[in-house]
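Residue numbers start at 1 and run along the sequence shown.
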Amino acid sequence: MSYIRAAKSGTSRSELRTATGLAPQSVSDICQRLLDQGLIAETGTSTKGFGRPRVTLEIVPSSRYALGIHIDPATVTSVLLDLAGGLVAHYSTDIDPDDPGLVIEQMAPTLDALLDQTGVDRSRVVGLGLAVPGPIDVEGGTMVDPPHLPKWHHERLRERLGAATGLSVIVDKDVVAAAVAERWAGALAGVSDAAFLYLGSGVGVGLITDDLVVRGHTSNAGDIGHLMVDTMGPLCDQGHRGCLGTLCSPLRLVREGVARGALDPTPHDGELGHAVRRLAALRERVDGGNSAAREIVEETAHRLARAVGIIANMHDTQMVVCGGPAWAPLADLYLPTLHEQAARAFSMSSLHELEVSGTDVGADVAAIGAACLVLDERFATRPSSLLLG
């Protein structure tokens, strides 16, 4: 399935034999099983070199679907994806982060509305993925005191949403989900060693090494909020100096904008969701020629570039992709600095280039990644599945 999906214009049985190293009969048997299940279809023929025309196999996107939810400290985003990772439906709404019970109760009806809106048969939905801020308890399917959601203490997300929807539920970190989304449907397709720098209410990184997502001992890898990117920076709330999570957070950018006269103050400037939305206003001030606004963005770009350089050197990555709701409004202002500074700091540059880009998936990358987690678990090849038990 993974090889067929990755071949955007289709592939043949002989090409699958070459790619997988499997025996011709094994490839034929597997393809027949997938054809019988309606997951793939024979869509035509192609001729390459000598010999008989080859039958082209392609994924049938409408054969299966997955639902995804991203719980952000300010917003909940729900999506429906098809088997190819295409976005079928989307809904996003602001939440009261201090009332987790109400937020969770509203999720199942929202998913029902998405399915009703699209007319997708529920029997074709293979599961629900939840992307949430860390730390998390993957085994228990719970959030474990996320810093920006203090009221969400050990909320039993998998249990509650599984009961409410009747679906199999996967819970994972938002940065992991974002990396999986980019791997399924974005810039990281076919890239074996990469990183996804996620900028939302907080900051984190999803890592891919040797074509596998890195999760860590408790599936909480990627917490880089305390990565020092400015030796002269302020102290964070835990007493560390110059932390990435503090200096590049939307709250910090808005506070700096108000303090330097680039933004007018509002009563809600201390709220995470409001701060993310105000980044668009900061961008407008930059475009309007406000020097203070441009200085704030340039300072942030240099700090992000230091983080990108550190991440790339630690993991010898081919590519770093940046995304998330706090990335989108300022992406094209950040990228030139990230390209130049991170490439200069990359210590493996004599061996290979470091590519830095923005997400191809969009601002809802974590929600899309949540659904991709379901597709990835259900249909992607895993080395562990090939081991003799």
Side-chain angles (χ1 to χ4, degrees), residues 1-6 34 37-40 59-72 76-92 104 107-108 110-115 118 120-134 136-143 156-186 188-189 196 198 206 208 211-213 215 219 361-362 364-382 384-385:
M1 278 284 290
S2 298
Y3 291 102
I4 299 172
R5 181 185 60 80
L34 295 175
Q37 294 174 5
L39 298 172
I40 65 173
I59 290 288
V60 179
S62 61
S63 62
R64 300 292 187 277
Y65 296 86
L67 289 160
I69 295 177
H70 176 213
I71 301 175
D72 179 81
V76 169
T77 301
S78 305
V79 299
L80 176 67
L81 300 190
D82 62 26
L83 183 58
L87 181 63
V88 178
H90 160 279
Y91 180 76
S92 184
I104 295 170
M107 289 180 187
T110 298
L111 298 177
D112 287 337
L114 282 183
L115 295 175
T118 58
V120 168
D121 188 334
R122 283 165 170 74
S123 67
R124 293 181 179 268
V125 178
V126 295
L128 167 64
L130 285 175
V132 300
I136 61 172
D137 172 8
V138 170
E139 294 299 322
T142 64
M143 299 165 71
R156 303 185 308 279
L157 296 173
R158 179 189 296 141
E159 178 184 324
R160 293 184 63 176
L161 280 166
T165 64
L167 294 169
S168 171
V169 179
I170 296 173
V171 179
D172 217 325
K173 283 185 68 172
D174 47 14
V175 294
V176 167
V180 170
E182 208 69 39
R183 190 166 165 245
W184 260 81
L188 295 182
F196 188 98
Y198 182 83
I208 297 171
D211 208 30
L212 294 173
V213 176
R215 286 183 165 84
S219 294
V361 178
D364 295 329
V365 61
I368 291 171
C372 287
L373 286 166
V374 175
L375 299 175
D376 198 53
E377 180 180 78
R378 187 72 177 268
F379 299 111
T381 303
R382 297 177 181 279
S384 58
S385 68

dist L373:CG -> L128:CG (nearest 0.5 Å) comes out at 10.5 Å

Smallest heavy-atom separation, L157 atom then I104 atom, equals CD2-CD1, 3.6 Å

R158 side-chain N/O to V138 backbone N/O, donor-acceptor pair under 3.5 Å = yes

Give, for atom OG1 of T142 and atom CG of D137, the distance between the pair rounded to the nearest 0.5 Å.
-> 4.0 Å

All heavy atoms of I136 vs all of V132, minimum pair found to be CG2-CG2, 3.4 Å

Step by step, would you call M143 with V171 a side chain to side chain contact (heavy atoms under 4.5 Å, CB included)?
-> CA-CA 9 Å; M143 299 165 71; V171 179; 5.7 Å; no

Might you work through the side chain to side chain contact (heavy atoms under 4.5 Å, CB included) test for I69 and T110, ending with a clear yes or no?
-> CA-CA 10 Å; I69 295 177; T110 298; over 6 Å; no

Contacts of V374 meeting side-chain contact (heavy atoms from CB on, under 4.5 Å) (sequence neighbours excluded), chain-then-number -> A66, V126, I170

Side chains of R122 and D112: closer than 4.5 Å at any heavy-atom pair?
-> yes

Shortest non-hydrogen contact from A178 toward V365 = O-CG2, 3.7 Å

Rounded to the nearest 0.5 Å, what separation is found between the OG atom of S168 and the CZ atom of R378?
-> 8.0 Å

Residues at least two apart in sequence or cross-chain that pass side chain to side chain donor-acceptor pair (under 3.5 Å) with E159, listed by chain then number, are R156

Supply the atom-to-atom distance L130 CG to R160 CZ, rounded to the nearest 0.5 angstrom.
-> 12.0 Å

Do the non-hydrogen side-chain atoms of S219 and K173 ever get within less than 4.5 Å of each other?
-> no

Contacts of A370 meeting side-chain contact (heavy atoms from CB on, under 4.5 Å) (sequence neighbours excluded), chain-then-number -> A131

Quick one: pull up CZ in F196 and CG in D174 and give me the separation to the nearest 0.5 Å.
-> 10.0 Å

Check whether any side-chain heavy atom of D211 sits under 4.5 Å from a side-chain heavy atom of R183, and report yes or no.
-> yes

Those residues that, when tested against T77, pass side chain to side chain donor-acceptor pair (under 3.5 Å) (two or more places apart) = S92

T165 and M107: side chain to side chain contact (heavy atoms under 4.5 Å, CB included), yes or no, with the steps?
-> CA-CA 9 Å; T165 64; M107 289 180 187; over 6 Å; no

Would you name the heavy atoms of S62 and R124 that are closest together and state the gap between them?
-> O-NH1, 3.6 Å

Minimum heavy-atom separation for D82 to P61, with atom names?
-> CB-O, 3.2 Å

Among all residues two or more places apart in sequence or in another chain, which pass the side-chain contact (heavy atoms from CB on, under 4.5 Å) test with V125?
-> Y65, L67, L115, V120, L167

Minimal heavy-atom distance between A89 and L114, with the atoms involved, is CB-CD2, 3.8 Å

Straight-line distance of F379 CZ to L34 CG, nearest 0.5 Å = 9.0 Å

Before giving the answer on side chain to side chain contact (heavy atoms under 4.5 Å, CB included), spell out for L81 and I368 the whole-Å C-alpha distance, their side-chain angles and the decisive distance to 0.1 Å.
-> CA-CA 7 Å; L81 300 190; I368 291 171; 3.8 Å; yes

Sorted by chain and residue number, the side chain to side chain donor-acceptor pair (under 3.5 Å) partners of R5 (sequence neighbours excluded) come out as none

Non-hydrogen side-chain atoms of D364 and H70 separated by less than 4.5 Å | no

